[in-house]
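If you're wondering where the values come from, they're calculated on a predicted model, not measured in any experiment. Note on naming: letters A, B, ... go to the chains in the order of the sequence lines (proteins, then strands), and numbering restarts at 1 for each one.
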Amino acid sequence: MAETSKEKVRVRIAPSPTGQMHIGTARTALFNWLFARQQGGTFVLRIEDTDVERSKKEYETELLQGLEWLGLTWDEGPDANGGPDRGEFGPYRQSERTAIYRKYIQQLLEKGEAYYCYCTKEDLEAQRQALLAAGLPPRYNGHCRNLVEPPAGRNPEVIRFKVPEVKVEFKDLIHGKTSFDTALFGDQVIAKDLDTPLYNFAVVVDDALMEITHVIRGEDHLSNTPKQILMQRALGFPTPQYAHLPLILNPDRSKMSKRFADVALSSYRERGYLPDGIVNFIGLLGWHPKDDHEVFTREYALEHFEMSRVQQAGAIFNEEKLDFVNREHMKTTPIVELVTLAVPFYEKAGIAIPSATDANYGMLAKAVALQLGRAKTLADVVEGSRLFFAMPEYEAKLLCWKETSVNDTMDALRGALAVLEAHAANKFEKEPLLEALTPLTNEKGRGVVLWPLRVSLSGQAASPDPMEIMEVLGKDESIARVSRAIEKLEGGRRLF
RNA sequence: GCCAUCAUCGUCUAGCCUGGUCCAGGACACCGCCCUCUCACGGCGGGAACUCGGGUUCGAAUCCCGAUGGUGGUACCA
């Protein structure tokens, strides 16, 4: 709790609804959320939709729902259910703040800190090429900076901010002292016209008006920071503290992209990852608690988060680790909750499961429980437990363990069947069943009995053990499956 | 090109600020063994890294300089 003094912490995330919600947005949100919650501050969500061409309402909705799904709740910002914005500093969509930006653009214009530029894109491109050819940094040459008279008969192209040539220095909470020489920048375009501000300008105005104290964002914004600081100075705004998070990377260390991985948060949701698993994993990308705990809840992260322990280098998105972390979280999620979460996945897979009102409902929980430690996602739970909900299909010869003959296998199964039939239905549980089968396994060998028994119950070479399966299936279904296996062997006998 | 920034096992990282306890610790993944009817879990074990070159120092993963490499930016996108 070191970084703040008396002022109340206010942080924000400012995503653009120009595409599916990126996993990187989720991580930036997480770090902001952690910092805000830990400092007793306010977490603001602002939608940066100044680019009307690319911004879409459906992406905004996805963003809000994605954040809610992850449990990264915001204190101020648009309402996920279409209700009015929350908070005193709204509106929280930049597209609704045009009048505000207009006022500040005019202010800069009047003070002579900004000016209309009449250079066309073609002019600019020519300039740029010339500079590049000369080995110079390609920056705007200030052609319209000191125009006395606007060129006759021409409308301005854009509005530019006069970038003073100074050294801008700031202390980044993650990178430490960072400095830029703005002489290399050239005058920046801040708006296409009075009603169409650009990102760098809108951010400055909004962060100031929303009284943001800490800007926690991706490192790709590091070089925007000096430009924004200069505008803050021109407008008389305070400079917030900055923390630039390292980027999430592809396996080849470039910025994470579709080419290498699923970048959309929704795809992880659809594949059956848990919000807690995702939050844990993306938290680990660039940060980890001092005590080396790697599997943790968000409460734990909240307690142990330290901005100063955030990495400076980017981190490769490693799906294997995500799988591990998610599996660990599934193990600690209460079974009833897991069942509820899994239901849609059963539906999607077309597997008929007992409903909550069904007398048989309890077996669903047992089936799910058997997948813990085996399944890394909810989709895996569903696939792994498929065998409990339909008579399995398999080749008769799979029933024979190693070199055991068909006759011996049949004998073993008949023996097992007799044991099961004599076994009380209300004692169809792992331990009692094992006990009941022990004389038979002692006589014939465990493999000779248990392998075919397990295959007849599961239809698979790899599955939970037969006693566990029977506990889920119950007496009637277990007996039916074993009987069917014996029939299969009898029917197929000639073939062997 | 220019500017910024980064650099410990394949990956995520501890250690670096406050040099010696580090022939570098943990986790994932991988391999082996044990458990075992199979899978998984679990237990035990293994291989695997301080980018390079100088300097400072009795001593450097740790401090300094340089090089190399990576990444980000260099828009009338955000």
Notebook entry, point to check: For atom P, what is the distance between B:rA48 and B:rG43, given to the nearest Å?
Noted result: 24 Å
Next item on the list: Measure distances between side-chain N and O atoms of A:Asn200 and base N and O atoms of B:rA78, and say whether any donor-acceptor pair falls under 3.5 Å.
Entry: no
Check: Can you tell which of B:rC37, B:rG73, B:rA75 lies closest to the side chain of A:Arg128?
Finding: B:rA75
Notebook entry, point to check: Parallel under 30°, tilted from 30 to 60°, perpendicular over 60°: which one fits the rings of A:Phe201 and A:Tyr101?
Noted result: perpendicular
Notebook entry, point to check: How far does the P atom of B:rA14 sit from the matching atom of B:rA7, given to the nearest Å?
Noted result: 10 Å
Note to self: Can you tell whether the side chains of A:Arg145 and A:Glu113 come within less than 4.0 Å, N to carboxylate O?
What the structure shows: no
Check: Could you give the CD-to-C1' distance, from A:Glu319 to B:rG10, as a whole number of Å?
Finding: 16 Å
Note to self: Without decimals, in angstroms, what is the distance between A:Ile229 CD1 and B:rA4 P?
What the structure shows: 15 Å
Next item on the list: Return the 5'-most residue of the pair A:Asp292, A:Asp51 with respect to RNA chain B, ranking by each residue's nearest nucleotide.
Entry: A:Asp292
Next item on the list: Specify the separation, in whole Å, of atom CZ of A:Arg12 and atom P of B:rA78.
Entry: 14 Å
Check: Which listed nucleotide (B:rG72, B:rA29, B:rU5) is nearest to the side chain of A:Glu219?
Finding: B:rU5
Notebook entry, point to check: Just to confirm, is there a sub-4.0 Å distance from OP1 or OP2 of B:rA78 to any side-chain nitrogen or oxygen of A:Thr50?
Noted result: yes
Next item on the list: Compare the minimum distances between each of B:rU74, B:rU5, B:rA29 and the side chain of A:Pro138, then state the nucleotide with the smallest one.
Entry: B:rU74
Next item on the list: Please state whether the phosphate of B:rA14, meaning OP1 or OP2, lies under 4.0 angstrom from any side-chain nitrogen or oxygen of A:Gln311.
Entry: yes
Next item on the list: Please measure how far the P atom in B:rA61 lies from the corresponding atom in B:rC50, and state the result in whole Å.
Entry: 11 Å
Check: Expressed as a whole number of Å, how far does the C1' atom of B:rG10 sit from that of B:rA49?
Finding: 10 Å
Next item on the list: Using the P atoms only, state how far B:rA40 lies from B:rC34, rounded to an integer number of Å.
Entry: 15 Å
Next item on the list: Output the single nucleotide from B:rA7, B:rA40, B:rA78 whose closest atom is nearest the side chain of A:Ala313.
Entry: B:rA7
Next item on the list: Tell me, yes or no, whether the heavy-atom count around A:Lys258 atom NZ, taken from other residues, nucleotides or ligands under 6.0 Å, exceeds 12.
Entry: no
Check: Considering only B:rG73, B:rU71, B:rU5, which nucleotide approaches the side chain of A:Leu247 most closely?
Finding: B:rU71
Notebook entry, point to check: Taking OP1 and OP2 of B:rU5, is either one under 4.0 Å from a side-chain nitrogen or oxygen of A:Arg253?
Noted result: no
Next item on the list: Give a yes or no on this: more than 12 heavy atoms of other residues, nucleotides or ligands lie within 6.0 Å of atom CD of A:Glu53.
Entry: no
Note to self: Under 4.0 Å, counting only non-hydrogen atoms across every strand here, what does A:His175 touch: a base, just sugar-phosphate, or nothing?
What the structure shows: sugar-phosphate
Margin query: For B:rA27 and A:His288 - does any side-chain N or O of the residue sit under 4.0 Å from the phosphate oxygens OP1/OP2?
Written below: no
Next item on the list: Using a 4.0 Å heavy-atom cut-off across all strands, classify A:Asn224 as base, sugar-phosphate, or nothing.
Entry: base
Check: Taking any strand in view, what nucleotide pairs with B:rG59 in a Watson-Crick or G-U wobble way, both distances under 3.5 Å?
Finding: none
Notebook entry, point to check: Between A:Gly314 and A:Trp451, who's closer to the 5' end of RNA chain B by nearest nucleotide?
Noted result: A:Gly314
Margin query: Please classify the nucleic acid contact of A:Arg327 as base, sugar-phosphate, or nothing, using heavy-atom distances under 4.0 Å.
Written below: sugar-phosphate
Check: Out of B:rC3, B:rA29, B:rC37, which nucleotide sits closest to the side chain of A:Arg446?
Finding: B:rC37
Next item on the list: Give the nucleotide from the list B:rA40, B:rA29, B:rU38 with an atom nearest to the side chain of A:Arg374.
Entry: B:rA40
Notebook entry, point to check: Who does B:rG45 pair with, Watson-Crick or G-U, both distances under 3.5 Å?
Noted result: B:rC31
Next item on the list: Can you tell me, in whole Å, how much space there is between the C1' of B:rU68 and that of B:rG32?
Entry: 39 Å
Check: Which nucleotide in the set B:rC28, B:rU71, B:rA78 lies at the smallest distance from any side-chain heavy atom of A:Asn318?
Finding: B:rC28
Notebook entry, point to check: For A:Ile316 and B:rU71, what is the distance between atoms CD1 and C1' respectively, to the nearest whole Å?
Noted result: 11 Å
Notebook entry, point to check: When we call it a touch if two heavy atoms are under 4.0 Å apart, what does A:Gly384 touch: a base, just sugar-phosphate, or nothing?
Noted result: nothing
Item checked: Aromatic plane relationship, A:Phe180 with A:Phe185 - under 30° parallel, 30 to 60° tilted, over 60° perpendicular -> tilted
Checklist line | Non-hydrogen atoms of A:Val325 and A:Gly277 that approach each other most closely | finding: CG1-O, 3.7 Å
Notebook entry, point to check: In the strands shown, is B:rA24 matched to any nucleotide by a Watson-Crick or G-U wobble pair with both distances under 3.5 Å, and which?
Noted result: none
Notebook entry, point to check: If you check every side-chain atom of A:Ala315, which of B:rU5, B:rU13, B:rA29 has the closest atom?
Noted result: B:rU13
Margin query: Tell me whether A:Lys321 is salt-bridged to A:Glu319, with the criterion being a basic N under 4.0 Å from an acidic carboxylate O.
Written below: no
Next item on the list: Would you mind classifying the nucleic acid contact of A:Arg139 as base, sugar-phosphate or nothing, using non-hydrogen atoms under 4.0 angstrom?
Entry: nothing
Notebook entry, point to check: Given the C1' atoms of B:rU13 and B:rC77, what is the spacing between them in whole Å?
Noted result: 34 Å
Margin query: Tell me whether the count of non-hydrogen atoms from other residues, nucleotides or ligands lying under 6.0 Å of CD in A:Glu429 goes above 12.
Written below: yes
Notebook entry, point to check: Would you say the base of B:rU38 and the side-chain of A:Arg454 have a donor-acceptor pair closer than 3.5 Å?
Noted result: yes
Check: Paired with B:rA40 by Watson-Crick or G-U wobble geometry, both distances under 3.5 Å: which nucleotide is it?
Finding: none
Check: Is any N or O donor-acceptor pair between the side chain of A:Lys321 and the base of B:rA27 shorter than 3.5 Å?
Finding: yes
Note to self: If you compare every side-chain N and O of A:Arg309 against the phosphate oxygens of B:rC17 (OP1, OP2), does one of them come in below 4.0 Å?
What the structure shows: no
Note to self: Looking at B:rG42, I'd like to know if its phosphate oxygens (OP1 or OP2) sit under 4.0 Å from a side-chain N or O belonging to A:Lys331.
What the structure shows: yes
Item checked: Complement of B:rA7, any strand, by Watson-Crick or G-U distances under 3.5 angstrom -> B:rU68
Item checked: Rounded P spacing from B:rC2 to B:rC63 in Å -> 28 Å
Check: Less than 4.0 Å between a side-chain N and a carboxylate O, is that true for A:Lys167 and A:Asp181?
Finding: yes
Notebook entry, point to check: Once you round it to whole Å, what is the distance between C1' of B:rG72 and CG of A:Asp252?
Noted result: 14 Å
Check: Roughly how many Å is it from CG in A:Leu285 to P in B:rC28, rounded to a whole number?
Finding: 16 Å
Margin query: Given B:rA29, B:rC76, B:rG73, identify the nucleotide with an atom nearest to the side chain of A:Ser223.
Written below: B:rG73
Note to self: Using a 4.0 Å heavy-atom cut-off, does A:Lys255 contact any base of the nucleic acid, only the sugar-phosphate backbone, or nothing at all?
What the structure shows: sugar-phosphate
Next item on the list: Anything under 30° is parallel, anything over 60° is perpendicular, the rest tilted; go ahead and classify A:His221 against A:Tyr199.
Entry: tilted
Check: Rounded to the nearest Å, what distance is computed from the CD atom of residue A:Glu53 to the P atom of nucleotide B:rA78?
Finding: 11 Å
Next item on the list: Select base, sugar-phosphate, or nothing to describe what A:Glu48 touches, counting heavy atoms under 4.0 Å on all strands.
Entry: sugar-phosphate
Next item on the list: Classify the side chain of A:Glu157 and the base of B:rC76 as holding, or not holding, a donor-acceptor pair under 3.5 Å.
Entry: yes
Margin query: Below the 4.0 Å mark, does B:rG26 have OP1 or OP2 next to a side-chain nitrogen or oxygen of A:Lys290?
Written below: no
Item checked: Rounded distance (Å) that lies between atom P of B:rC12 and atom CD of A:Glu328 -> 20 Å
Check: Counting only Watson-Crick or G-U wobble pairs whose two distances fall under 3.5 Å, which nucleotide matches B:rC77?
Finding: none
